[in-house]
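Notes to accompany the following structure.
One is the number of the first residue; the rest follow in order along the sequence. Note that the structure is a prediction, hence the values are computed from the model and not measured.
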Amino acid sequence: MKSKMAKKLVILGVLGLLVGCSNKIDDKDSINKTSVVEESEKPQIVHDIIEMPAVKEEEGYKFNDYLYVVKDGKPEVISRLINKGKKRVRFTISNLNKDNTWTTQIAPWSENCNYQDLYSVMCFSYNAEGVLYALMLKQDFTNPIIRCLGDDGKSYDIDMQDVKKTYPNRFPYKFSFIDNNRCVLYMDYDKEKEKGTQKKQGTYRSSQDIEAEKTLMQVYNIAENRMESDKEFLFYDVSIYDKDLRGYVYNPENDAIVVKKMGDKISERMIKCGLKEFWSKPRRGYEFLSEDGDKGYLLSEFGIVGGNLDAEKWDWIVDRGEFVLGGDEEIIKRVNSKGMTPMGTIKVLKGNESDYDFYRLMRYANNNESEMFWVYYHEKEV
């Protein structure tokens, strides 16, 4: 579900469009101490299909891609439009209404992210107080900054030159806030700079070696404009983390969530998941947290399990029978008629309405086009 190659294609695609214009313990007898809800009390789960917000192309601006953030337990979709002739970018922001329609407007901060200064947005994130920030890079992956974006259209930059000084062969491609001031930077290898360093030092590492390197996660304090150097975390795949900087990654071999604190080499414990009850060899899943960061969840091909972060085992919340989409739904008929097949889950987030409130972004594609839509899982109204 999580592909490094896909991530890099997105990064290079956005920058290339702008520059090219002129330039990823199984114990069935164990007692679950922190069940989300007893099975006998579990309500019926249904789902709604929510299409992506319509994008209005005008004044030479053409749709390029979607970016996603979470606000008040609902997805907020930010659309990026590019004017190749002017080498400018425009952003619209779409908020989900109660009837599952969207309200869209040009983002009040759009002019502050229009590429006039040659900075391109990698992603957005809200801090704990609901202030929006953007992680931005220049076309050669240099000079990373975090830009604070106000609803009044004003903005200011947080320079992160010490990040590049400390990690000259890495670049941040994603970030997420822990609280108001601390965020986690997700950093990947800059292969071209790595090759240059090897040449100067007379060393050599193959492209395969570099590609296999783990993602580095580094805590950055925007208020103090510095890295918390003892909070470094390496994983083969990006994980979720709690407020105490423990990372949570599903290990299919153990059928469990591995819990490891940033900076530690040895895991603290495991949280059993129970996927092997359905399949002897479960695959990687999609880990995610509740918006308040108190509960964790794992989406798999069998449904969604979850529970408290200190639990010994997570319970089923949305099972396979409730999880799978039906072939009689209009949007499924449409994508099937175009020969599209499911390409996986792009994003999952926990809603705030109940314990059974989830939004799952799915993508279908054929050789020529693709479509995305949200699946909203929730309790059936009685």
Side-chain angles (χ1 to χ4, degrees), residues 1-3 6-7 9-10 13-14 44-57 62-81 91-105 107 123-124 283-288 291 297-304 317-354 356-381:
M1 291 185 183
K2 304 171 187 174
S3 165
K7 169 189 69 187
L9 287 174
V10 170
V14 172
Q44 182 180 354
I45 308 302
V46 295
H47 65 262
D48 301 326
I49 302 295
I50 305 173
E51 301 218 30
M52 295 296 286
V55 178
K56 188 176 182 180
E57 298 181 333
K62 301 296 182 182
F63 171 75
N64 186 73
D65 63 336
Y66 291 115
L67 297 159
Y68 318 96
V69 286
V70 182
K71 188 174 184 181
D72 300 327
K74 290 187 176 183
E76 188 171 80
V77 177
I78 299 174
S79 303
R80 176 170 17 210
L81 299 93
F91 290 94
T92 63
I93 191 163
S94 301
N95 297 103
L96 188 62
N97 302 314
K98 288 185 177 181
D99 61 356
N100 291 338
T101 61
W102 300 91
T103 298
T104 301
Q105 62 179 348
C123 66
F124 297 93
R283 297 189 291 265
R284 279 298 313 271
Y286 191 116
E287 309 93 341
F288 60 107
E291 192 172 13
Y297 304 90
L298 173 70
L299 177 143
S300 73
E301 62 263 50
F302 311 111
I304 299 173
I317 302 175
V318 181
D319 61 37
R320 185 171 177 80
E322 301 164 326
F323 185 69
V324 177
L325 304 184
D328 57 343
E329 295 175 271
E330 289 302 318
I331 194 165
I332 302 301
K333 289 180 181 178
R334 187 175 75 219
V335 295
N336 286 341
S337 69
K338 296 180 180 180
M340 294 184 179
T341 55
M343 303 302 290
T345 297
I346 306 299
K347 190 175 183 65
V348 190
L349 62 94
K350 178 68 182 67
N352 292 340
E353 295 296 323
S354 75
Y356 305 92
D357 204 38
F358 298 92
Y359 293 88
R360 175 190 181 196
L361 179 61
M362 298 189 67
R363 178 174 177 262
Y364 279 66
N366 57 28
N367 291 331
N368 302 312
E369 59 181 328
S370 66
E371 284 197 34
M372 292 189 296
F373 54 86
W374 293 92
V375 184
Y376 173 41
Y377 299 96
H378 59 93
E379 296 181 44
K380 184 177 181 179
E381 294 183 3

Check whether any side-chain N or O of [X] sits under 3.5 Å from a backbone N or O of [Y] as a donor-acceptor pair, and report yes or no.
X: Asn97; Y: Asp99; answer: no
X: Tyr356; Y: Val46; answer: no
X: Arg320; Y: Glu301; answer: yes

Query - Tyr286 and Tyr297: CA distance, side-chain angles, deciding distance, ring-ring contact (aromatic ring centres under 6.0 Å, His included) verdict - result: CA-CA 8 Å; Tyr286 191 116; Tyr297 304 90; over 10 Å; no
Return the minimal non-hydrogen interatomic distance between [X] and [Y], and the atom names on each side.
X: Glu76; Y: Asn95; answer: OE2-ND2, 2.5 Å
X: Gly73; Y: Tyr359; answer: O-CE1, 3.5 Å
X: Ser79; Y: Phe63; answer: CB-CE1, 4.3 Å
X: Thr345; Y: Val348; answer: CG2-CG2, 3.5 Å
X: Phe373; Y: Glu51; answer: CB-CA, 4.3 Å

Report yes if some heavy atom in the side chain of [X] is under 4.5 Å from a heavy atom in the side chain of [Y]; otherwise report no.
X: Ile346; Y: Tyr66; value: no
X: Leu81; Y: Thr92; value: yes
X: Ile304; Y: Leu298; value: no
X: Ser94; Y: Thr103; value: no
X: Val77; Y: Met52; value: yes

Report task. I would like to know whether His47 and Arg360 meet side-chain contact (heavy atoms from CB on, under 4.5 Å); could you show each step before the answer? Result -> CA-CA 10 Å; His47 65 262; Arg360 175 190 181 196; over 6 Å; no
Interatomic spacing from [atom1] in [X] to [atom2] in [Y] - rounded to 0.5 Å:
X: Asp319; Y: Ile45; atom1: CG; atom2: CD1; value: 8.5 Å
X: Asp357; Y: Ile317; atom1: CG; atom2: CD1; value: 11.5 Å
X: Leu299; Y: Leu349; atom1: CG; atom2: CG; value: 11.5 Å
X: Ile49; Y: Ile331; atom1: CD1; atom2: CD1; value: 6.0 Å
X: Asp65; Y: Arg80; atom1: CG; atom2: CZ; value: 4.0 Å
X: Thr104; Y: Ile78; atom1: OG1; atom2: CD1; value: 11.5 Å

**Report entry** Tyr68 ring center within less than 6.0 Å of Phe124 ring center
**Finding:**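 Not close enough - the centres of the two rings lie 6.0 Å or further apart.
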Report task. With Phe358 as reference, evaluate Phe288, Tyr376, Phe323 under the side-chain contact (heavy atoms from CB on, under 4.5 Å) test and give the passing residue. Result ->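 Among Phe288, Tyr376, Phe323, the one that satisfies the side-chain contact (heavy atoms from CB on, under 4.5 Å) with Phe358 is Phe288.
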**Report entry** Polar side chain donor-acceptor pair, Thr341 to Asn366, under 3.5 angstrom
**Finding:**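 Their side chains do not contain a donor-acceptor pair, so the 3.5 Å distance test is not met.
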Query raised in the report: Would you say the side-chain atoms of Tyr377 and Asp48 include a donor-acceptor pair closer than 3.5 Å?
Result: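 Tyr377 vs Asp48: no donor-acceptor pair found between side chains.
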Query raised in the report: Does CD in Glu381 sit with more than 12 non-hydrogen atoms of other residues, nucleotides or ligands closer than 6.0 Å?
Result: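 Not buried by this count: 12 neighbours or fewer within 6.0 Å.
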Query - Pair listing, salt bridge (Lys or Arg N to Asp or Glu O under 4.0 Å) test, anchored in residues 337-353, at least two apart - result: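 Those involving residues 337-353 are Lys338-Glu371.
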**Report entry** Stepwise salt bridge (Lys or Arg N to Asp or Glu O under 4.0 Å) test for Arg334 and Glu329
**Finding:** CA-CA 9 Å; Arg334 187 175 75 219; Glu329 295 175 271; over 6 Å; no
